[in-house]
Visitor: 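For reference, the structure I am asking about is given below.
Excluded from the calculations below are hydrogen atoms, water molecules and symmetry mates; all remaining heavy atoms, backbone and side chain alike, are included. In this text the structure is predicted, and so the values were computed from the model without any measurement.
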Amino acid sequence: MTLDEPVWSVLGRGPDGTVVVADLNADGTERRRTSVDSAALASLVPAAGPARRWVWSDATRWYPPLLADGVVVARCHDLRLCHTILRGSAFVTDAAALRAHPEWDGPAADAVTPAAETLFELDERGDASSVPDGIDEALAEFARQRAALEGATAPGRLRLLLAAESAGAVIAVELHAAGLPWDAGVHDAILVDLLGPRPAAGRLPARIEELAVRVRDALGAPAASLDSQPKLLRALHRVGVLATSTSRWELAQYDHPVIAPLLEYKKLMRLLSANGWAWMEEWAAEGRFRPVYVPGGVVTGRWASSGGGALQLPRQLRPAVRADPGWLLIIADVAQLEPRVLAAMAGDTALADAARGQDLYAGVVAGGVVATRQEAKGAILGAMYGATTGDSGRLVPALRRAYPRAMTLVDEAARIGEDGGIVTTWLGRSAPAPSSSWRDVQRGAGAIEATAADESRARRSARDRGRFTRNFIVQGTAAEWALAWMADVRGRLAAFDAVEDAGGRSGPVFGRRAHLAFFLHDEIVVHAPAAQAEAAAEAVRAAADGARRLLFGDFPLDFPLDLRIAEDAGKA
DNA sequence: AAGGGACGCGCG
DNA sequence: AAAGCGCGCGTCCCTT
């Protein structure tokens, strides 16, 4: 890259409907403006070289058609997602200019309308995206974001966050395009094994029918409705099962012949309705499961998903995740990501010591804090979620003595939340301010005429918010770590050579080299030609260390992975 | 008929 | 086994 090469290229629609590329110098001044038709865009992007960072309104608006043409973008700045972070970040000292442009607060284009699959459709879509896609609006918003960044209290961290979030925007589109390799035969075999053969339309599988008969026998009601919660509850009451809900954990407390078949019935009905044959046909056709990922869809910065229940794939069905012939899966998750992140944020070397090695909970036991691994897990989760009662709540004080720095951090986050304040993740994503109704409740409780009920309501909602902000800083920073990890993995895999005869079925780009195939909070799946599997696994490991260093520098803490290379994602 | 809330349960 | 955080989705049921 030569010195005067533009660093940023802003993409947007021109007034005449063509696509405009505005190249900016490093100082933000505009250097050159090119107008192209949509078809030319696909050749222009790779020609610009990998050093360029593309600035666009919304990855879900611009990237799918480029990817469909085989164009992979190296780096981007996603104005929509970055706007959301910057407008709310406590690190930004003056967000007024950003907040004056709420048109950038919209959801992803996917949530509005299905993504265009071709550049022609992109031309035809007009206002399909929820945020502005004009070149002038993009340039103005980008200028506002750069100004906000320059005045920020921790611009370095925010820059990392915006880069990671934007990488996530690109990755989400790529994950959808590549898809998760899915073996419908294995899926069908699991269903048949548990439910019986696939029934005719409108009928229930044999195994469920049998269980329904047994449940109705035990209820003494041959026509009892088992799928209506109120009706089922009344039927249970008639045979002396005085449960207050029909949830599994409560029913399991009762000793009655109806319980066992009913719990089994509910389990199998769940499998059938959530991930049965209908789901298979809708979501896992042609050998791929293609969920729609929603980066930044959770306030904490975690991803959400829309359609197909991508983030709820039952472990039962994991064996159906199966590599293409000649390919392998690298399945990796971070052990106890959230408590490790907490240790690093708090600079708690005692907790970091306990975390050394593969199992943080074992380290807590070894430190003599609690007696068993189960207790350690309960106590740690309770500390991060704000448990006050039950087994885990009881153990939290022991944690407070052993790891005062970590516990002070989360306790303080809870206190700030209860007081209506704002907490912020390590890289600068802030929790939303309390709603006006929340503030009304708090204010009402302080009034002279407040009743005891007003006060207890206010106390309860304050505690609720405290538990939210307590968890927010940990969950949100863990999401940042995971984004950094995944972005690093993506960068490393992009450098892999294409395997000419790879025989993969993930499209023109991903069918020929190792690529990300799935992401779930602290877990990734890479799909790789067998010859690249070892190198891909090494990339995944190296990226974890890269993410650690990027976020926490020299703080002595490791993020060990549970990683395996296998043909399918079933239990190792 | 469509929409929204409650419930229950899958995932981290 | 839930508890204590964050989600999405299918089903039932009631309102508009």
Visitor: For DNA chain C, whose closest nucleotide is more 5', that of A:Trp249 or that of A:Val299?
Guide: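 Per heavy-atom nearest nucleotide, the more 5' residue is A:Trp249.
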Visitor: Quick one: is the NZ or CZ of A:Arg465 closer than 6.0 Å to the six-membered ring centre of A:Trp438, and within 45° of its axis?
Guide: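 So A:Arg465 does make the cation-pi contact.
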Visitor: For a side-chain hydrogen bond (donor to acceptor under 3.5 Å, both in side chains) check, start with the C-alpha distance between A:Thr388 and A:Arg463, then their side-chain angles and the critical distance, and finish with the verdict.
Guide: CA-CA 11 Å; A:Thr388 54; A:Arg463 297 252 162 86; over 6 Å; no
Visitor: Rounded to the Å, how far apart are A:Ile208 CD1 and C:dT11 P?
Guide: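 In whole Å, C:dT11 P and A:Ile208 CD1 are 11 Å from each other.
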Visitor: Test of understanding: with ring pair (Phe, Tyr, Trp, His ring centres under 6.0 Å), list the residues that count as partners of A:Phe518, not counting sequence neighbours.
Guide: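 Partners of A:Phe518 by the ring pair (Phe, Tyr, Trp, His ring centres under 6.0 Å) criterion come out as none, since no residue qualifies.
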Visitor: Please list, chain by chain and in numerical order, all residues satisfying side-chain hydrogen bond (donor to acceptor under 3.5 Å, both in side chains) with A:Trp277, sequence neighbours excluded.
Guide: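 For A:Trp277, the residues satisfying side-chain hydrogen bond (donor to acceptor under 3.5 Å, both in side chains) (neighbours in sequence not counted) are A:Asp188.
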Visitor: May I ask you to say what A:Gly382 touches in the nucleic acid, namely base, sugar-phosphate or nothing, with a heavy-atom cut-off under 4.0 Å?
Guide: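 Base, at least one base heavy atom under 4.0 Å.
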Visitor: Atom NE2 of A:His521 and atom C1' of C:dC5: how far apart are they, to the nearest Å?
Guide: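 Atom-to-atom, A:His521 to C:dC5, this comes out as 12 Å.
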Visitor: Starting at the 5' end of DNA chain C, write a dot or bracket for each base, bracketing those in Watson-Crick or G-U wobble pairs whose two distances are under 3.5 Å and using | for partners on another strand.
Guide: ....||||||||||||
Visitor: Suppose the criterion is side-chain hydrogen bond (donor to acceptor under 3.5 Å, both in side chains): which pairs have a residue in residues 397-417 of chain A, not counting sequence neighbours?
Guide: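 As it turns out, the side-chain hydrogen bond (donor to acceptor under 3.5 Å, both in side chains) pairs with a partner in residues 397-417 of chain A, which skip direct neighbours, are A:Arg400-A:Asp411, A:Asp411-A:Arg470, A:Glu412-A:Arg415, A:Arg415-A:Asp419.
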Visitor: Among pairs that include at least one residue of residues 222-241 of chain A, which meet side-chain hydrogen bond (donor to acceptor under 3.5 Å, both in side chains), considering only residues two or more places apart or in two chains?
Guide: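 The answer is A:Asp227-A:Tyr265.
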Visitor: Would you classify A:Leu313 as touching base, sugar-phosphate or nothing, given that sugar-phosphate means primed atoms plus P, OP1 and OP2, and contacts are heavy atoms under 4.0 Å?
Guide: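 A:Leu313: backbone/sugar contact only, no base atoms under 4.0 Å.
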Visitor: Roughly, in whole Å, what's the span from CG in A:Leu233 to P in C:dT11?
Guide: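 Rounding to the nearest Å, CG of A:Leu233 and P of C:dT11 are 21 Å apart.
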Visitor: Quiz question: by atom type and distance under 3.5 Å, do the side chains of A:Asp391 and A:Gln374 form a donor-acceptor pair?
Guide: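 No - no donor-acceptor pair under 3.5 Å links their side chains.
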Visitor: Could you check which residues of residues 463-481 of chain A get a heavy atom under 4.0 Å from DNA chain C? Sort them by number, please.
Guide: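 Only A:Arg467, A:Phe468, A:Asn471, A:Gln475 qualify.
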Visitor: Just jot down the side-chain hydrogen bond (donor to acceptor under 3.5 Å, both in side chains) partners of A:Ser245, sequence neighbours excluded, or say none.
Guide: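 Here the qualifying residues are A:Ser247, A:Glu250.
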Visitor: Checking all strands, does A:Asp391 fall into the base, sugar-phosphate, or nothing category for heavy-atom contacts under 4.0 angstrom?
Guide: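 Answer is base: heavy atoms of A:Asp391 come under 4.0 Å of a base.
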Visitor: Going by distance alone, is a donor N or O of one side chain under 3.5 Å from an acceptor N or O of the other, for A:Asp522 and A:Gln336?
Guide: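 Short answer, no.
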Visitor: For a 4.0 angstrom threshold against heavy atoms of chain A, report the outermost contacting nucleotides of DNA chain B in 5' to 3' order.
Guide: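 Endpoints of the contacted stretch of DNA chain B: B:dC7 to B:dG12.
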Visitor: What residues in residues 218-232 of chain A put a non-hydrogen atom under 4.0 Å from any atom of DNA chain C?
Guide: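 Residues of residues 218-232 of chain A under 4.0 Å from DNA chain C: A:Asp227, A:Ser228, A:Lys231.
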Visitor: Write down the distance between NZ (A:Lys377) and P (C:dA3), rounded to a whole number of angstrom.
Guide: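 About 16 Å, once rounded to whole Å.
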Visitor: Show the numbers, then the answer: is there a side-chain hydrogen bond (donor to acceptor under 3.5 Å, both in side chains) between A:Asn275 and A:Gln312?
Guide: CA-CA 10 Å; A:Asn275 295 101; A:Gln312 308 147 249; over 6 Å; no
Visitor: Output all residues satisfying ring pair (Phe, Tyr, Trp, His ring centres under 6.0 Å) with A:His521, sequence neighbours left out; order by chain, then residue number.
Guide: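 For A:His521, no residue satisfies ring pair (Phe, Tyr, Trp, His ring centres under 6.0 Å) once neighbours in sequence are set aside.
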Visitor: Mind running a 4.0 Å heavy-atom check of residues 250-274 of chain A against DNA chain B and sending the residues that fall below it, in number order?
Guide: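 Close to the strand are A:Lys266, A:Arg270.
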Visitor: Of A:Arg248 and A:Leu311, whose closest DNA chain C nucleotide lies nearer the 5' terminus?
Guide: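 Nearest nucleotide further toward 5': that of A:Arg248.
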Visitor: What's the closest nucleotide to the A:Thr389 side chain, out of C:dC5, C:dA3, C:dC7?
Guide: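 Selected nucleotide: C:dA3.
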Visitor: So, for A:Leu557 and A:Ala343, which heavy atoms are closest and what is the spacing to 0.1 Å?
Guide: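 For A:Leu557 and A:Ala343, the tightest heavy-atom pair comes out as CD2-CB, 4.5 Å.
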Visitor: In this structure, how many angstroms lie between the C1' atom of C:dG6 and the CG atom of A:Leu381, rounded?
Guide: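 Atom CG in A:Leu381 sits about 13 Å away from atom C1' in C:dG6.
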Visitor: Is a donor on one side and an acceptor on the other found under 3.5 Å between the side chain of A:Arg429 and the backbone of A:Thr424?
Guide: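 Not confirmed, A:Arg429 side chain does not pair with A:Thr424 backbone.
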Visitor: Name all residues meeting the ring pair (Phe, Tyr, Trp, His ring centres under 6.0 Å) criterion together with A:Tyr361; count only those two or more places apart in sequence or in a different chain, and write none if there are none.
Guide: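 With neighbours one apart ignored, the set is empty.
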Visitor: Taking the six-membered ring of A:Trp182, is NZ or CZ of A:Arg322 closer than 6.0 Å to its centre and within 45° of its axis?
Guide: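 Because its charged atom misses either the 6.0 Å distance or the 45° angle limit, A:Arg322 does not stack over A:Trp182.
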